[in-house]
Undergrad: 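Attaching a single structure in structure tokens format; questions to follow.
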Amino acid sequence: MLELNSQQCKAVHTDGSYTLVLAGAGSGKTRVLTERIIYLIREKKVSPERIMAFTFTNKAAGEMRSRVERVLADRGLSFWIGTFHATGLRILRREARHIGFANNFAIYDEEDVFRLVKHIIRKKGWKLDEYPPAVVRSRISRWKNKLVQPTEALENARDTVEELQAEVYQGYCAELRKNNAFDFDDLITRVVELFTAHPKVKERYARQFKYVLVDEFQDTNTIQMVMIDSLASIHKNLFVVGDDDQAIYGWRGATIDNILQFDRVYPGVDTIRLEENYRSTNTILEAANHLIAHNLGRKGKNLWSRKERGSPLFVYHAEDDRDEAQAVRETIIKLIRGGFKRSEIAVLYRTHAQSRALESALMRGGLPYQIIGGLRFYERREIKDLIGYLKLIDNSRDDVNFRRIINVPRRGIGKVSLARIEENAGEHNLLPSLRAGGGTGALAGKQRERVEEFSKLIASFELLAREATVHEVLGAVVERTGYRDYLREDPQTAQSRLENIEELLNETERFSARGKANGLENFLEEIALFSDIDSLRNEEKVALMTLHNSKGLEYRAVVITGLEEGLLPHYSAYDDDQELEEERRLFYVGMTRAREELYLFCASSRMQFGKWTGNQPSRFLEEIPSRLASVSGWAGSSEDNGSLFREVDPAYAEEDEKVSIRGDSRFREGALINHPTYGEGRIKKVEGSGKDMKVSVQFTGYGTKKFLARYAPFTFRI
């Protein structure tokens, strides 16, 4: 094993109360965290249960725990290590009663939440197209993560749309409490609520954890920071590791200020920089350093490596996205012929929509691939159905999953019967109401019989779950509901869906073999915390994923596609300097995933939102010195002027003129447009002209959105 370098040693052995480790990409931060824990236990004689370590993925937590246990030769260590959500869940399982929930609460995933929001909107008599559940759900999440209560959201509503969203939020929180359920946000926000409302509970945990360590600190949000601060409030030993240059989750609430302002918030911070990179060649690092130096919001560091200089970056300027995909395929084939394994190659892109052309090209080339972050196993309909059964078995108050499975497989209990059950149940939960005899009064004889049979079926599964493993419970559900026969009703999809059912049974068997007590609840917890990266398998396939999903991974060769204005940087970031810097950091993250070879692709035109658009190469390519790259394709013969694509091709100037002309006649206040995501809207404001023209559009249910006119993905209504 390699020795720690001087800066790593300094971080591991620091005696400072507050320590900020600025760990550049590939600088060994995970090892530093692991060695820090080992040092505290072995050298400082700290009891393991007095150490709290936060990671950002279950995979990272598992790897860190395994390393510590391996080095200390102890498999039973009781220190707390896990994601914020896993840690919050662990605390809430013990303490939920203090905030009015039973400790056997359910955890709703995104589809459960979506169904519940949709149910509340319909219950209020509103139309789903006017108040899209996804938009309302996003708004609710933002309120929660800012600790805004429903009553406060309603009082501070700025317009009618926000007022109605706040009403849904109010109903949503009431339904969660009624169903004894938490959503994913609650696993952190409810802990903060618990600590705020019950200072003695907070003090108990803060006193227990003498040392608090945080990985990927740049990706923490405001509510997570409150949780961290609470746990470190007594002993004041806080050790955080992060990289401000890899802060890429501002769009979901992460606050880069947590890392940038750390030394201003806490007294006497010891800041340690890890700049020696163990992953990439110096050519890749130099290109990445030049790129990220254009950001103002950063602490500043310069990555370097003892590795060789390495190959130049390869930049290809394609005619269109099909040409780009074909070039990517040829690049991969060339790499494989040169000795690379498929599993050592990753193709990255800004948006999931870009994967379609790439998938087609790889399939034509006979290249096996896996998509990370697409439709996950636990999101498939047949899996969701069976998990719905397990959730209701574990928590009889789970009305969301009661509604999902009461007629799956079909047992003749339709929407009318369900509406009568809900009406009769009133403010009570549906399944308990049925069992109390209050939910079947208005049902006809045959319907009442079917509903009672369903209630008895769930009761029999509940009894089984008290003694049996989760594998045995699931097996009983599949057999006694006739779920396999139900899937066979659709011959076109039956085979793949049946295979998925068998894989779920295999997974529960593997889980049950671990011998965990209360298996059903623990199994549901495990899959609730499952992430996209956890689905990454060590298979001999090329990996396709978004740049966001590539965080924390590394490959011998990395291909980044779609390096065009409007994609990377995304057009939504044009009006905000902070968002633009985050887009640059996203590109930086992608570049620093590569160990040996880095390929950058852009296309002059691309099919987007059903129409062809002309694209300029990304401004980020201009920020890479041309001496570090080999350029080919349409712009491959352009004059070298110190950076890539510095000069605008004449074709773009012509396109800009077209935009300007179009702007004079069509981009005007009051014009009606159609957007592929937001639907019909009306232009409220026009600013600037030509390629700098910006338009503000008012959408029903979405509010006002601002676009750079030349990249606006909408059509005009005549």
Side-chain angles (χ1 to χ4, degrees), residues 7-8 11 19-33 56 60 214-221 240-264 269 271-305 313 348 350 546-555 558 560 563 568-570 573 576-595 598 600 618-625 628:
Q7 288 298 97
Q8 290 173 331
T19 303
L20 169 62
V21 181
L22 287 173
S27 63
K29 68 176 180 61
T30 303
R31 188 176 175 211
V32 165
L33 272 169
F56 261 76
V214 186
D215 192 10
E216 304 286 7
F217 186 63
Q218 76 281 348
D219 292 329
T220 54
N221 60 27
V240 302
V241 183
D243 183 2
D244 48 331
D245 291 333
Q246 295 189 72
I248 61 173
Y249 293 114
W251 54 277
R252 68 182 190 193
T255 307
I256 193 174
D257 283 346
N258 287 347
I259 192 168
L260 294 180
Q261 305 296 328
F262 188 77
D263 53 359
R264 298 184 185 181
V269 170
T271 300
I272 302 167
R273 284 174 168 80
L274 304 183
E275 296 177 301
E276 181 175 357
N277 177 283
Y278 294 92
R279 177 187 300 157
S280 306
T281 65
N282 276 292
T283 297
I284 293 171
L285 295 180
E286 187 177 348
N289 285 336
H290 273 278
L291 171 82
I292 205 63
H294 287 77
N295 272 6
L296 299 177
R298 62 191 296 259
K299 291 278 190 180
K301 60 184 168 307
N302 201 59
L303 296 183
W304 60 276
S305 173
L313 280 59
L348 312 180
R350 178 64 176 80
T546 64
L547 286 155
H548 284 98
N549 277 329
S550 73
K551 181 91 176 302
L553 304 176
E554 61 179 71
Y555 294 87
V558 167
I560 304 179
L563 282 163
L568 189 67
H570 198 267
D576 190 308
D577 290 340
Q578 290 185 341
E579 288 185 20
L580 194 60
E581 291 205 350
E582 181 162 316
E583 291 289 298
R584 185 179 284 109
R585 291 194 294 267
L586 185 59
F587 183 28
Y588 175 84
V589 166
M591 293 176 70
T592 54
R593 300 310 93 198
R595 297 204 300 265
L598 179 59
L600 309 176
S618 170
R619 70 191 72 183
F620 298 152
L621 288 171
E622 298 177 3
E623 297 167 359
I624 299 173
L628 300 176

Undergrad: Where the side chain of Asn258 meets the backbone of Thr220, is there a donor-acceptor pair that is under 3.5 Å apart?
TA: yes
Undergrad: At their closest point, which heavy atom of Ile560 faces which heavy atom of Gly590, and how far apart are they?
TA: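 That closest heavy-atom pairing would be CD1-C, 3.6 Å.
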Undergrad: Let me confirm one number: the CD-OG distance from Glu583 to Ser618, rounded to the nearest 0.5 Å.
TA: 9.0 Å
Undergrad: Knowing that exactly one of Asp245, Asp263, Asp244 qualifies, which makes a side-chain hydrogen bond (donor to acceptor under 3.5 Å, both in side chains) with Lys299?
TA: Asp263
Undergrad: How far does CG of Leu598 sit from CG of Leu313, to the nearest 0.5 angstrom?
TA: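 Interatomic distance, Leu598 CG to Leu313 CG, rounded to 0.5 Å: 4.5 Å.
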Undergrad: Less than 4.5 Å apart, side chain to side chain, heavy atoms only: is that true for Trp251 and His548?
TA: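 In contact.
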Undergrad: To the nearest 0.5 Å, tell me how far Asn302 CG sits from Arg273 CZ.
TA: 11.5 Å
Undergrad: On a heavy-atom basis, which atom in Leu285 and which in Ser305 lie closest, and how many Å separate them?
TA: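 Nearest heavy atoms, Leu285 then Ser305: CD1-CB, 3.6 Å.
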Undergrad: Got Arg279 and Arg593 here, is their nearest side-chain heavy-atom distance under 4.5 Å?
TA: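 Of all side-chain heavy-atom pairs linking Arg593 with Arg279, at least one is under 4.5 Å.
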Undergrad: For Leu580 and Phe620, work out which heavy atoms get closest and say how close.
TA: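 In terms of heavy atoms, the two residues are closest at O-CZ, 4.0 Å.
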Undergrad: If only atom types and distance count, is the side chain of Arg350 paired as donor or acceptor with the main-chain N or O of Phe587 below 3.5 Å?
TA: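 Not at all, since once roles are kept as given, no pair shorter than 3.5 Å links the two residues.
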Undergrad: Check this for me, if you would: do Glu581 and Arg298 make a salt bridge, where the nitrogen-to-carboxylate-oxygen distance has to be below 4.0 angstrom?
TA: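 Salt bridge flag = no for Arg298 with Glu581.
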Undergrad: Can you name the nearest heavy-atom pair linking Ala11 to Ile272, along with the distance?
TA: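 So the minimum-distance heavy-atom pair works out to CA-CD1, 3.6 Å.
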Undergrad: Would you say Gln578 has more than 12 foreign heavy atoms packed within less than 6.0 Å of its CD?
TA: no
Undergrad: With rounding to the nearest 0.5 angstrom, report the CG to OH distance, Leu291 to Tyr588.
TA: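 Reported to 0.5 Å precision, the distance equals 9.0 Å.
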Undergrad: Taking the side chain as every heavy atom from C-beta outward, state whether His570 and Glu579 have any atom pair closer than 4.5 Å.
TA: no
Undergrad: Taking only Lys NZ, Arg NE, NH1 and NH2, and the carboxylate oxygens of Asp or Glu, determine whether Lys29 and Asp243 approach each other closer than 4.0 Å.
TA: no
Undergrad: To the nearest 0.5 Å, what is the distance between CZ on Arg585 and OG1 on Thr592?
TA: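 Going from the CZ atom of Arg585 to the OG1 atom of Thr592 covers 13.0 Å.
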Undergrad: Is the closest side-chain heavy-atom distance between Ile259 and Leu22 below 4.5 Å?
TA: yes
Undergrad: Do Glu276 and Trp304 come close enough that some side-chain heavy atom pair is under 4.5 Å?
TA: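 Answer yes - side chains close enough.
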Undergrad: Hey, could you give me the CG/CE distance between Leu586 and Met591, rounded to the nearest 0.5 Å?
TA: 12.0 Å
Undergrad: If you define the side chain from C-beta out and look only at heavy atoms, does anything of Ile624 sit under 4.5 Å from Leu600?
TA: yes
Undergrad: Any sub-3.5 Å donor-acceptor pair from Glu554's side-chain atoms to Ser280's backbone N or O?
TA: no
Undergrad: Do the charged groups of Glu275 and Lys301 touch, with an N to O distance under 4.0 Å?
TA: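 Result for this pair is no, no salt bridge flagged.
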Undergrad: Any non-hydrogen side-chain atom of Phe56 less than 4.5 Å from a side-chain atom of Asp215?
TA: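 Side chain of Phe56 against side chain of Asp215, heavy atoms only: no contact under 4.5 Å found.
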Undergrad: Check for a donor-acceptor pair, side chain of Glu582 on one end and backbone N or O of Gly250 on the other, with a separation under 3.5 Å.
TA: yes
Undergrad: Looking at Ser550 and Leu547, what are the two nearest heavy atoms and their distance?
TA: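 Between these two residues, the closest heavy atoms are OG-O, 2.7 Å.
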